[in-house]
Every structure is written in C-alpha cells, then in structure tokens.
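Beneath this line is the structure, given in structure tokens, with notes to follow.
The sequence lines fix the lettering, A, B, ..., with proteins before strands; numbering per chain opens at 1.
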Amino acid sequence: MRKDWIGIPALGILLLLASFAAAQDAVEEMTQDADPRPGEMMEDTAGVEGTQLQPAVEGVPEEPGPALDVPGAITVEDKDNDAGDQLVVCFEPPADTSGVFAYNVYRRKAGETGEVSWNLVKIIPVLGPTLFIDGYDPEYPIEPGTRYEYRVASVSLEGEEYFGEPQVAQAVPAGELYHTGKTKVLIAGGLFIFLIFYYFGKAQRGRQMYLRPIAGIEAIDEAIGRATEMGKPVLYVPGLSTISDVATIASLTILGRVAKKVAQYQTPLMVPNRDPIVYTVADEAVKQAYLEAGRPDAFDPDSVFFLTDSQFAFVAGVNGIMMREKPATNFYLGMFWAESLLLAETGSLTGAIQIAGTDAVTQLPFFITTCDYTLIGEELYAASAYLGREPKQIGAVKGQDACKGIIMAFITIAFVLSILDMVADTETLEWVRRIVTVPIVD
Amino acid sequence: MYEIIGIWVGAFFTLAIYSFLYKENPVYRLAEHLVVGISLGYTMAITYDVVLKPRLIEPLLAGGSWILLIPALLGLLYITRFISSIAWLSRYPIAFVLGTGMGVGFPLTMKSNVLRQLEAAMIPFYQEGMPWHMVLGNVVLVLGTLAALIYFFFSKPHKGFFFGTGSRIGIWIIMLGFGATFGFTVMGRISLLIGRIQYLLGDWLHLIE
C-alpha cells in the first residue's frame with residue numbers, strides 16, 4: 001500500500017521546485033526593473049522600442065536601389081497528360097542578374113485590367129529554374145479553356161519589383177482523356193486484375209486451393225475464446241488511418257469476422273475509432289456481423305465509438321480504456337504510426353493477449369516485440385480470406401501469389417542479365433528495365 | 001503572463017501524462033479526458049474554418065458553385081444515421097468514399113509500391129570500378145528481395161528447398177530489416193523524450209539553458 005503513495009510526494013517536490021524557480025524569476029525581474037544596468041537597458045530597449053532609439057532613421061525615406069534588369073520573353077505551353085489545369089511557363093532571365101534576389105511570376109486572365117487582377121503564382125529564387133509548371137496552387141487554379149496573361153518581375157533584396165513586359169499566353173490549357181505516361185501502370189494493373197479474377201473464377205468453380213497456416217490468424221479464435229472465458233471485453237483498434245488506406249479496408253473486413261465470433265460467444269466488444277468515416281463503416285460492419293450471427297439484439301450501439309481524431313489524444317484515450325476496462329484480448333489491425341508502441345506496451349502491461357497487424361514497415365518491429373502475434377504486411381490483407389475461407393477470397397490470394405511470381409520472374413531475369421552484361425559487356429539489363437520504368441512525376 | 005501560464009499548463013499535463021508510467025490514476029484520467037475533449041472540439045472548429053467555410057459555405061453564398069451541393073448532400077446523408085428509419089441512406093456516402101478511395105489509390109499503389117519497387121530491385125549488381133562491398137550489398141538486395149517475396153507466398157506450403165529454405169531466409173532478412181528500423185525509430189523517440197525533459201527543466205524550471 002505504501003508503495004502506491006510514492007508518486008504523490010514526488011509530484012509535490014517537482015511542483016515545489018517549479019514554484020521556487022518561478023518565484024526566483026519574478027524576484028530577478030523586479031530587481032532588474034528597479035535597478036537597470038546601462039548596458040542591459042540599451043539591449044532591451046533596442047529590441048522593444050528600437051524605433052525610439054533611432055529617431056534619425058525613422059521618417060527618412062530609403063533611397064531606392066539602382067533599377068534591376070528585367071526578365072525577357074515568356075513562353076507558355078499547355079502541359080500534356082493533365083486535366084487542362086496546368087501550363088508550362090518559361091521565361092528568359094535578365095542578362096544582368098546582379099542585385100536580383102528572386103523572380104515573382106504573376107498571372108491573370110487575358111483581357112482583365114487593373115493592378116489587382118494580377119495574382120502572384122510563383123516565386124523563383126534567382127538561381128532557380130526559370131521553367132515551371134503553373135497550376136499547383138489551389139488558391140489560384142487554372143481553368144481549362146481560359147487564356148491567361150503572365151508577367152515576371154525581378155525582385156531586389158529590399159523587395160522592390162521591376163516588371164518585364166506582360167505576355168498573353170501562346171497556349172490555352174486543355175485536358176487529355178488518356179494519360180500516356182500511365183500506360184505501363186494500366187497494363188500492370190490490368191494483368192494483376194486478370195490474374196486475380198482468373199483464380200477467383202477457378203475457386204468459384206470448386207477448385208480446392210491450399211493456404212499455408214499463419215499463426216497470428218489461427219490465434220484469433222483462441223484469443224476471442226480467452227476473453228469469453230475470462231468474461232472480459234475484446235478491444236479492436238482498426239488503425240488510425242483513413243478509409244482510403246488498404247490496411248484500413250483489410251482491418252474492417254477482419255473486424256466483421258471478429259465481430260461475428262464475438263456475437264456468437266456473446267463477448268463484449270469495444271472498437272474505438274480515430275477517423276469519423278472509418279467509424280461509420282466499422283459501426284456498419286459490426287452491426288452486420290451481429291445480424292449474420294443471428295444476434296442483432298445483442299449489438300450494443302456504444303461498442304463502436306468515435307474517440308478523437310488527434311493522434312496522441314486517441315492513444316491517451318485508448319490507453320485509459322485499456323487500464324480501466326482491462327480487456328482480455330487486444331487487436332491492433334490496420335495502419336499505425338508512432339502510437340503503435342504506446343498502445344501495445346500498455347496492452348502488454350494489462351496482461352491481455354495481443355494480435356497486431358499492419359503494413360507500416362516502421363511500426364512492425366514495435367508490434368513484434370510487444371504483441372503475442374503479428375501479421376506482417378500482406379498477411380494482414382490475406383487474413384480476411386483465411387478467416388472467411390470463402391472460395392472467392394482464397395482465389396484472390398492465389399491471384400496475388402501469381403502476381404508476386406511475375407515480379408520475382410522479372411527480378412530473376414534482371415539478375416541473370418546483369419551477370420550476362422558483366423561477362424559479355426552488353427546492355428541487356430537496361431532494355432528489360434525500360435519495360436517497367438515509370439516516370440517519378442506524372 | 002499568458003506565456004507563463006501556458007508553460008505551467010504544459011508542464012502540468014506533461015507530468016500528468018507521465019504519471020501513467022507509475023499507474024493509471026485520477027491525474028492521468030483528468031489529462032486524458034481533457035486532451036481527448038479539447039482535441040475533438042479544436043478539430044471541429046478547424047474543420048469548419050478550413051473546410052466547410054471556405055470550400056462550401058462561401059462559394060455557395062457567392063453563387064455559381066452549385067455543383068458543391070452534391071458533396072454537401074452526400075455529407076448530410078451521414079447524419080441520417082441518427083434516424084433509424086432512414087439510416088440506410090448513410091451507406092451511400094460510405095460507398096462513395098470507399099469506391100473513390102480504392103479507385104484513386106489503385107494506380108498510385110501500382111506505380112509506387114509495385115513498378116517503382118520492381119525497378120529499384122532490377123539493378124546491375126556489378127559495374128566497372130564498383131567496390132566489393134557495394135557488389136555484395138547489391139547481391140544481398142536482390143536475393144533478399146526474392147527471399148522476402150517467397151515468404152509472402154500463401155498458396156504454397158513452405159517446404160522443400162525453394163519455398164522452405166527461401167522463406168526461412170526471407171523471414172531472417174525481414175527481421176534484420178525490422179531490427180535496423182527498430183533501432184533507428186528508438187533513436188527518434190529518445191530525442192522526443194529529450195525535448196520534453198528540456199521543456200520541463202529549461203522552459204519550466206529554468207534549471208538548464
């Protein structure tokens with residue numbers, strides 16, 4: 001019992017120390033105010049009331065610097081493979097760049113008048129590239145089919161602008177229906193989808209397909225059973241990411257399976273959420289699972305709840321729930337960031353059996369060290385097929401394996417060609433690499 | 001004055017959260033509930049100020065942006081969850097968000113997680129003048145990638161030389177990678193802890209500069 005009270009005096013001592021430090025600061029401040037030293041006075045007032053110390057400078061207009069050389073011709077082209085919302089702008093830098101700090105690029109609709117119609121769309125350092133893509137700034141979007149006018153100013157260190165001649169854009173932005181730079185992505189995607197549907201069809205026709213055992217998935221039933229035996233709840237955290245994250249989708253599918261088991265065993269379930277949309281989907285998934293289990297009456301609307309969307313506030317909330325409710329089983333399946341260790345370590349302290357799964361490479365080590373079972377990367381995606389054992393989903397897993405087979409074949413061919421290039425002094429590897437090379441920026 | 005109050009409040013809640021290291025207690029509970037509540041309230045205000053007001057209300061009031069009524073209506077359908085007889089309507093925005101998320105995410109994932117990674121693994125493992133350790137590194141990269149891929153084959157039993165030995169090497173490679181990541185991330189966490197201690201001892205207690 002005595003051990004429990006150690007924290008209070010420790011906290012008290014810290015607070016006392018803080019009070020003492022604050023009081024000391026206040027005394028020092030008062031002493032300084034009462035008896036200022038000349039040097040310090042100058043220093044302080046220079047910062048706070050600098051304008052009063054330099055009356056000679058104030059009010060005297062600054063001499064404008066020498067006029068800067070201005071940028072030259074501007075060329076504007078429509079950007080390929082876009083939705084008509086980007087233009088490629090290029091301008092000639094001034095012949096003499098001495099004194100130029102940067103270039104300000106302004107845009108307005110052709111035909112508009114008045115100084116206020118110009119919008120500053122780009123600031124380019126003097127040594128930066130004079131060719132850029134305009135249209136990324138959401139404040140000043142480019143409208144397809146609209147002709148624009150540009151002007152560029154040389155900017156001095158003092159911020160003075162020296163404008164070049166305005167130029168009506170030679171091109172009007174227009175969109176394309178097909179992005180030629182994404183053809184390889186389309187082919188790869190089409191091939192992968194075909195393979196998945198091919199095995200999907202095979203599975204539907206009744207072909208038996210093997211799935212190797214994964215310890216973490218097989219332990220899910222056992223973990224729910226343990227919670228049932230202990231009469232304690234099951235905690236399920238579907239990650240902290242949004243609904244568009246693949247890991248979140250996988251997690252919500254598994255949640256449906258887990259909730260069905262929980263409904264069958266009549267074990268309490270808690271599903272805290274960070275994202276409002278994930279919350280609504282999770283709520284639907286759990287409700288549906290209770291319905292499928294034939295226990296819609298047992299569904300507790302408060303079992304799936306939204307906590308907060310702040311990352312560490314969410315962790316604080318879930319940790320508090322874990323310490324108070326002491327769930328017997330914790331699931332952390334989905335996308336996690338820095339909170340992974342905080343959650344899993346607290347769960348470990350409560351003595352819960354923990355099953356984690358994520359595709360976040362940086363967080364997996366923390367789950368592996370603190371959880372009983374961890375689903376690594378794609379194991380999380382495959383978990384749903386394992387739990388459901390539906391032919392369609394097993395077929396999809398088989399199709400994904402075929403895709404991995406193709407990737408492995410490419411890497412192996414590249415490895416062999418690399419040896420060939422080394423021995424025969426050829427360039428075959430580069431030829432194969434070009435098949436899969438995609439531009440970094442679209 | 002406000003700065004001093006802010007520092008004191010920050011220090012108090014830092015200690016309140018750290019008190020969890022000792023055990024779950026009322027001070028931690030106070031901090032937990034406050035941080036959850038305040039963060040939620042703050043998010044609501046921010047959402048109104050950054051999303052709803054400039055992207056929906058103002059363009060609608062200005063007139064002409066009537067297309068914005070469609071997402072506004074979809075958003076409002078979420079609220080039908082509170083009325084059980086029409087709660088099914090909330091599935092429409094969910095379906096829309098899910099479908100859009102998957103559709104937009106697919107080509108992006110295919111490009112960055114498949115094609116770009118594949119390209120990065122198809123490297124010449126030896127080039128003229130390359131030091132031996134780089135050659136070794138390239139060989140480990142290629143063979144390690146192949147072994148790790150073998151580990152993720154689910155439709156084949158991990159037996160025999162190719163799948164058995166390959167997957168065992170694969171999991172070793174994966175674990176070695178995780179070990180390196182673990183160490184790197186822990187270093188980052190330690191720097192966060194140092195930052196907090198500096199706040200307590202410097203900004204708050206003025207014991208250090």
Side-chain angles (χ1 to χ4, degrees), chain A residues 4 7 11 14 17-18 21-22 25 182 184-185 188-189 192 209-212 242-244 246 249 277 280-281 284 307-310 313 316-317 319-320 323-324 361-362 364-366 368-369 376-378 382 397-398 401 404 407-408 410-412 414-415 418 421-422 429 432-433 436-438, chain B residues 4 8 11 15 17 19-20 22-25 28-29 31-32 35-36 39-40 43 78 81 90-91 94 97-98 100-102 104-107 109-111 114-116 118-119 121-126 142 145-146 149 152-158 174 177-179 181-182 185 204-207:
Chain A
D4 288 349
L11 194 68
L14 269 171
L17 264 171
D25 283 354
K182 289 187 176 174
K184 286 173 189 170
V185 176
F192 280 29
M209 288 180 185
Y210 170 83
L211 283 184
R212 75 168 169 85
T242 58
I243 198 75
S244 54
V246 183
I249 301 277
I277 296 172
T280 51
V281 181
E284 283 292 320
L307 208 55
T308 174
D309 80 334
S310 169
N319 281 356
M323 294 306 282
R324 288 189 290 275
V361 179
T362 48
L364 274 166
F366 295 111
I368 287 169
T369 47
I376 302 169
E378 205 185 337
V397 172
K398 180 83 181 167
D401 277 2
K404 274 172 266 176
I407 291 169
M408 283 176 68
F410 263 99
I411 296 173
T412 310
F415 190 67
S418 176
D421 286 352
M422 188 179 74
L429 174 64
V432 178
R433 279 192 90 200
V436 297
T437 304
V438 284
Chain B
I4 293 171
W8 272 80
L15 291 173
I17 291 290
S19 71
F20 184 77
Y22 172 60
K23 63 182 276 192
E24 206 268 349
N25 61 76
Y28 172 78
R29 221 171 294 163
E32 174 203 328
V35 76
V36 168
S39 66
L40 190 56
T43 305
Y78 273 114
R81 298 181 65 80
S90 67
R91 291 187 175 193
I94 293 172
V97 171
L98 267 172
T100 314
M102 288 296 98
V104 172
F106 180 74
T109 308
M110 185 55 75
K111 182 184 167 183
V114 179
L115 292 177
R116 299 275 316 150
L118 177 58
E119 190 190 341
M122 291 167 70
I123 47 165
F125 73 89
Y126 175 78
V142 172
T145 307
L146 286 173
L149 278 169
F152 287 107
F153 262 82
F154 299 113
S155 59
K156 295 280 177 195
H158 284 183
I174 291 168
F178 285 164
T181 311
F182 188 88
T185 314
W204 185 40
L205 296 177
H206 298 232
L207 294 176

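Taking every heavy atom of both residues into account, B:A121 and A:I411 meet most closely at CB-CD1, 3.9 Å.
Side-chain N or O atoms of B:Y28 include one that pairs as donor or acceptor with a backbone N or O of A:A316 at under 3.5 Å. With A:S418 contributing its side chain and B:F125 its backbone, the two residues share a donor-acceptor pair below 3.5 Å.
Proximity to chain B is limited to the side chain of A:V397, based on heavy atoms less than 4.5 angstrom apart. Proximity to chain B is limited to the side chain of A:M422, based on heavy atoms less than 4.5 angstrom apart. If you measure heavy-atom distances from A:T242 to chain B, you find no contacts under 4.5 Å at all. For A:I249, the part sitting under 4.5 Å from any heavy atom of chain B is the side chain, from C-beta outward, and nothing else.
Counting heavy atoms from C-beta outward, B:E119 and A:R433 have side chains that approach closer than 4.5 Å. Put simply, the side chain of B:R29 does not reach to within 4.5 Å of the side chain of A:M323, judged on heavy atoms.
Using a 4.0 Å cut-off between charged nitrogen and carboxylate oxygen, B:E32 and A:R324 count as a salt-bridge pair.
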With side chain to side chain contact (heavy atoms under 4.5 Å, CB included) as the test, would you mind laying out the steps for A:D401 and B:F152 before giving the verdict? CA-CA 8 Å; A:D401 277 2; B:F152 287 107; over 6 Å; no
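Counting heavy-atom pairs under 4.5 Å between each of B:I123, B:V104, B:I174, B:I94 and chain A puts B:I94 at the top. Of the listed residues (B:V36, B:T109, B:T145), the greatest number of heavy-atom pairs within a distance under 4.5 Å of chain A belongs to B:V36.
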